[in-house]
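For reference, the structure discussed in these notes is given below.
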Amino acid sequence: MGLEVQRAFADWIIQAPIRSELDLEQPGSADQLIQDFRPDVVIHSAAATQVDQCETDPAWADRLNYQATAVVALAAHRVRARLVYLSTDYVFNGDYYAPYSEDHPTDPQSVYGRTKLRGELAVRATGDHLVVRTSWVYGEGKNFVRTMLRLAREGKPLKIVGDQVGRPTWARDLSLGIKALVEGNAPTGIYHFQNEGEKASWAEYARVIFQTAGIDHPVEPITTEEYLAINQGKKIAPRPKYSVLATEKITPYIRPRDWRVALAEYIREEKKSS
């Protein structure tokens with residue numbers, strides 16, 4: 001996500017610190033960097049996103065997703081910078097089965113969701129901010145698309161969950177959505193950004209990946225309960241059954257494109273770089 005943010009804001013003066021300059025496990029470094037640089041906008045996209053690891057180490061998740069975020073939010077407030085905080089569909093319980101609006105009651109079911117919500121609340125308690133919730137993000141680094149393509153190349157049989165639905169989001173489109181909000185001087189508040197189009201399960205998402213990549217590989221849908229049984233003995237975080245976000249609020253600034261169109265462009269770029 002960080003690389004796509006840098007690309008989207010390439011025409012801005014931007015400070016993109018590396019880990020040695022900004023380690024969120026040491027939140028004081030974030031405060032010092034912001035105080036020294038005194039930016040107009042701070043985009044906080046770093047987080048503990050390994051949802052299963054968050055379940056096994058909730059203290060680690062809290063340090064990164066809440067405590068570090070609170071430090072960043074306060075530091076941004078002190079220099080009067082606008083803070084953009086990237087959040088998640090995991091702040092909802094996933095039982096609503098209609099697109100979640102920005103003001104829908106939150107009810108996180110996992111450590112990851114609870115710590116990200118605490119981060120949201122810390123941001124909202126300070127100064128000028130944009131909380132941008134998203135879901136199913138893929139881009140640089142390890143992600144669902146790359147994993148599916150790798151497993152298909154290896155000829156691995158695939159049993160993918162078919163009863164959790166949402167819409168994938170390309171990190172590039174999300175970064176452009178953030179830029180549109182910033183450049184459009186959107187009012188302080190919460191916004192949802194997610195690529196548009198028909199919702200899909202993870203199993204359907206995998207099938208579209210293979211179809212788009214021109215790969216013939218079978219996908220067997222399974223239930224969440226079957227997935228948990230296969231992974232019995234592992235600490236698995238609860239996933240929302242429904243992760244579709246309403247995006248009407250953001251459309252005055254940018255209209256998210258269909259997720260299948262974005263995915264096709266991503267896969268074309270992956271093929272060129274491989």
Heavy-atom check, side chain of Val132 versus side chain of Leu174, under 4.5 Å: yes
Could you check whether Tyr266 and Asn143, counting side-chain N and O atoms only, form a donor-acceptor pair closer than 3.5 Å? yes
Dump the intermediate steps for salt bridge (Lys or Arg N to Asp or Glu O under 4.0 Å) on Glu265 and Arg257, then the final yes or no. CA-CA 12 Å; Glu265 183 177 339; Arg257 58 179 169 167; 2.8 Å; yes
Does the side chain of Val84 come within less than 4.5 Å of Leu181's, by heavy atoms? no
Would you please indicate if the ring centroids of His104 and Tyr96 are separated by under 6.0 Å? yes
Could you state the interatomic distance from CZ (Arg133) to NE2 (His192), rounded to the nearest 0.5 Å? 4.0 Å
Return the orientation label for the Tyr100 and Phe92 ring planes: parallel under 30°, perpendicular over 60°, tilted otherwise. parallel
Are Trp170 and Tyr191 linked, directly or through intermediate hydrophobic residues, by side-chain heavy-atom contacts shorter than 4.5 Å (ILVMFWY only)? no
Nearest 0.5 Å please: distance from the CD1 atom of Ile215 over to the CG atom of Leu151. 11.0 Å
Donor-acceptor contact below 3.5 Å, side chain His217 vs main chain Lys156: yes
When you check the gap from the basic side-chain N to the acidic O, do Arg82 and Asp40 get nearer than 4.0 Å? no
Return yes if some donor-acceptor pair links the side-chain N/O of His77 with the main-chain N/O of Ala75 below 3.5 Å, else return no. no
Spatial distance of atom CD (Glu204) from atom NZ (Lys199) [nearest 0.5 Å]: 9.0 Å
Check: Ala8 main-chain N/O paired with Lys179 side-chain donor or acceptor under 3.5 Å: yes
Kindly state each residue pair satisfying ring-ring contact (aromatic ring centres under 6.0 Å, His included) with at least one member in residues 42-68, sequence neighbours excluded. His44-Tyr85
If hydrophobic clusters are built from ILVMFWY residues whose side chains come within less than 4.5 Å, do Phe9 and Leu176 share one? yes
Taking the ring of Trp259 and the ring of Trp136, is the distance between their centroids below 6.0 Å? no
Among residues at least two apart in sequence or on other chains, which ones pass ring-ring contact (aromatic ring centres under 6.0 Å, His included) with Tyr242? Tyr97
Just verifying a value: how many Å separate Thr134 OG1 and Arg167 CZ, rounded to the nearest 0.5 Å? 10.5 Å
In this structure, would Met148 and Val219 fall into the same cluster of hydrophobic residues linked by side-chain contacts under 4.5 Å? yes
In the single-linkage hydrophobic clustering (I, L, V, M, F, W, Y; side-chain heavy atoms under 4.5 Å), do Val137 and Ile254 co-cluster? yes
Across all chains, not counting sequence neighbours, the ring-ring contact (aromatic ring centres under 6.0 Å, His included) partners of Tyr112 are Tyr90
Would you kindly confirm whether Ile236 and Ile230 end up in one hydrophobic cluster when ILVMFWY residues are joined by side chain heavy atoms under 4.5 Å apart? yes
